[in-house]
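Computed from a predicted model, the values in this text were never measured in an experiment. Just follow the structure's listing: the first ligand is 1, and inside any ligand the first atom is 1.
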Amino acid sequence: MDKPLKGQVALVTGSGRGLGFAIIRRLAELGADVAVHDISQEAPAEFGEAKNLDEVAGRLASMGVKSVAVTGTVAEQASVAGFVAKAEKALGPVSVLVNCAGGDIAAKGGKPKPNNALGVPMEDVLAIFDRNLFGTILVCKALCPGMAERKRGSVINLGSGIAHYGVDDGVAYAVAKAAVVHWTRCLAWELRPHGVRVNAISPGPTMTARFSATRALDPKMADESVPLKRYGKPEELADVVAFLAGDQARFVSGQILRVDGGMFTFPA
Ligand SMILES: NC(=O)c1ccc[n+]([C@@H]2O[C@H](COP(=O)([O-])OP(=O)(O)OC[C@H]3O[C@@H](n4cnc5c(N)ncnc54)[C@H](O)[C@@H]3O)[C@@H](O)[C@H]2O)c1
């Protein structure tokens with residue numbers, strides 16, 4: 001079947017650009033109706049990927065699925081309630097949730113300085129936890145009870161390679177993503193009797209527009225002709241999310257899949 005996700009309704013947070021956009025495009029290609037979400041209409045323009053969120057929704061609709069654009073921070077309960085209600089009013093109950101909004105962004109923008117364990121300012125720790133961990137929790141709390149009631153749903157959270165080992169740069173982000181990973185396991189356990197699957201992917205360094213614009217790239221890692229020892233491509237992550245969303249993964253829950261070309265091969 002070339003449209004295995006037909007009949008599904010997917011909400012992907014932070015999907016106006018970057019990895020989230022690659023994921024929502026793949027879900028739409030596979031037939032899902034899609035709610036594209038971002039913090040604002042303008043977020044897709046920040047690194048030149050689209051004019052605004054409505055334009056992104058239009059691109060998705062041109063693929064022959066229903067789409068709606070919804071905005072709001074994931075870090076506040078009232079905002080989450082608002083954009084979830086708008087998505088479900090337009091498309092019906094969400095059956096696939098991808099929590100992709102996030103990033104290592106300080107309270108006032110940019111990266112925290114310093115960004116190590118003892119130096120990182122507390123306001124930045126809180127901002128990073130809000131964006132990555134509490135946002136994921138709030139959106140799950142808004143959508144998973146309905147999924148459990150309908151006994152239908154797949155949740156995929158975004159971890160990160162650095163959730164799985166100690167670092168001295170990006171510490172608050174690494175800790176928030178490690179908590180997202182463990183939230184995934186706990187929620188999977190709780191929803192197991194209700195037929196809702198919860199998994200996470202932990203990407204290695206992946207060439208999104210934001211990623212490329214915010215660092216000096218290592219030319220060896222940017223060489224796509226190298227089979228696995230390179231940066232990932234957003235489509236490669238999107239394919240794994242599509243697998244976890246769909247029926248081929250019907251007996252897979254509580255798992256964290258590192259999608260990094262084998263960069264980290266040590267135990268979880
Ligand atoms: N690109 C990588 O190398 C990489 C590696 C590991 C994990 N990740 C994770 O993948 C996800 C996507 O990353 P990306 O590289 O595409 O970056 P990105 O900055 O392009 O995408 C993040 C998206 O989340 C949105 N967002 C941020 N804070 C938000 C908030 N409070 N409320 C609503 N939306 C918010 C942004 O506007 C943006 O659309 C993030 O969770 C990131 O931590 C990325």
Side-chain angles (χ1 to χ4, degrees), residues 11-25 35-50 52-53 56 69-80 82-84 87 98-107 109-111 126-139 142 156-165 167 170 172-181 184 200-215 217-218 221-222 230-238 240-241 256-261 263-264:
L11 168 67
V12 182
T13 67
S15 53
R17 66 176 198 232
L19 206 39
F21 176 67
I23 290 168
I24 204 165
R25 182 179 53 197
V36 59
H37 159 269
D38 218 313
I39 192 163
S40 66
Q41 269 290 338
E42 297 71 39
E46 194 173 344
F47 301 100
E49 289 158 88
N52 56 38
L53 200 63
V56 178
V70 297
T71 55
T73 180
V74 293
E76 286 166 20
Q77 199 167 4
S79 155
V80 172
F83 72 71
V84 160
V98 183
N99 283 300
C100 188
D104 185 17
I105 306 168
K111 297 228 182 235
L126 293 174
I128 288 165
F129 274 49
D130 264 349
R131 196 182 291 283
N132 292 278
L133 174 62
F134 302 145
T136 297
I137 292 176
L138 283 171
V139 183
I156 298 110
N157 296 324
L158 266 287
S160 171
I162 69 167
H164 303 275
Y165 61 99
V167 292
Y173 174 72
V175 173
K177 289 297 196 183
V180 167
V181 162
T184 300
I201 61 163
S202 277
T206 304
M207 286 267 265
T208 57
R210 175 202 55 81
F211 182 88
S212 308
T214 53
R215 73 210 63 221
L217 294 175
D218 174 351
M221 287 286 285
R230 58 169 171 77
Y231 297 129
K233 296 188 247 175
E235 313 84 80
E236 292 168 330
L237 281 295
V240 178
V241 172
I256 317 301
L257 201 41
R258 282 175 290 188
V259 189
D260 58 11
M263 190 170 186
F264 305 114

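- Using modelled atom types, no side-chain atom of Thr71 and backbone atom of Ile39 make a donor-acceptor pair closer than 3.5 Å.
- Closest heavy-atom contact between Ser160 and Ser202: N-OG, 3.2 Å.
- For a heavy-atom separation below 4.0 Å, the residues in contact with ligand 1 are Gly14, Arg17, Gly18, Leu19, His37, Asp38, Ile39, Ala43, Gly72, Thr73, Val74, Cys100, Ala101, Gly102, Gly103, Arg131, Leu158, Gly159, Ser160, Tyr173, Lys177, Pro203, Gly204, Pro205, Thr206, Thr208, Arg210, Phe211.
- Looking at Tyr231, its side chain never comes within 3.5 Å of a backbone N or O of Thr208 through a donor-acceptor pair.
- The salt bridge (Lys or Arg N to Asp or Glu O under 4.0 Å) test applied to Glu236 returns Arg230, not counting sequence neighbours.
- With sequence neighbours left out, Asn99 forms a side-chain hydrogen bond (donor to acceptor under 3.5 Å, both in side chains) with Asn157.
- Glu42 is linked by a salt bridge (Lys or Arg N to Asp or Glu O under 4.0 Å) to nothing, counting only residues two or more places apart in sequence or in another chain.
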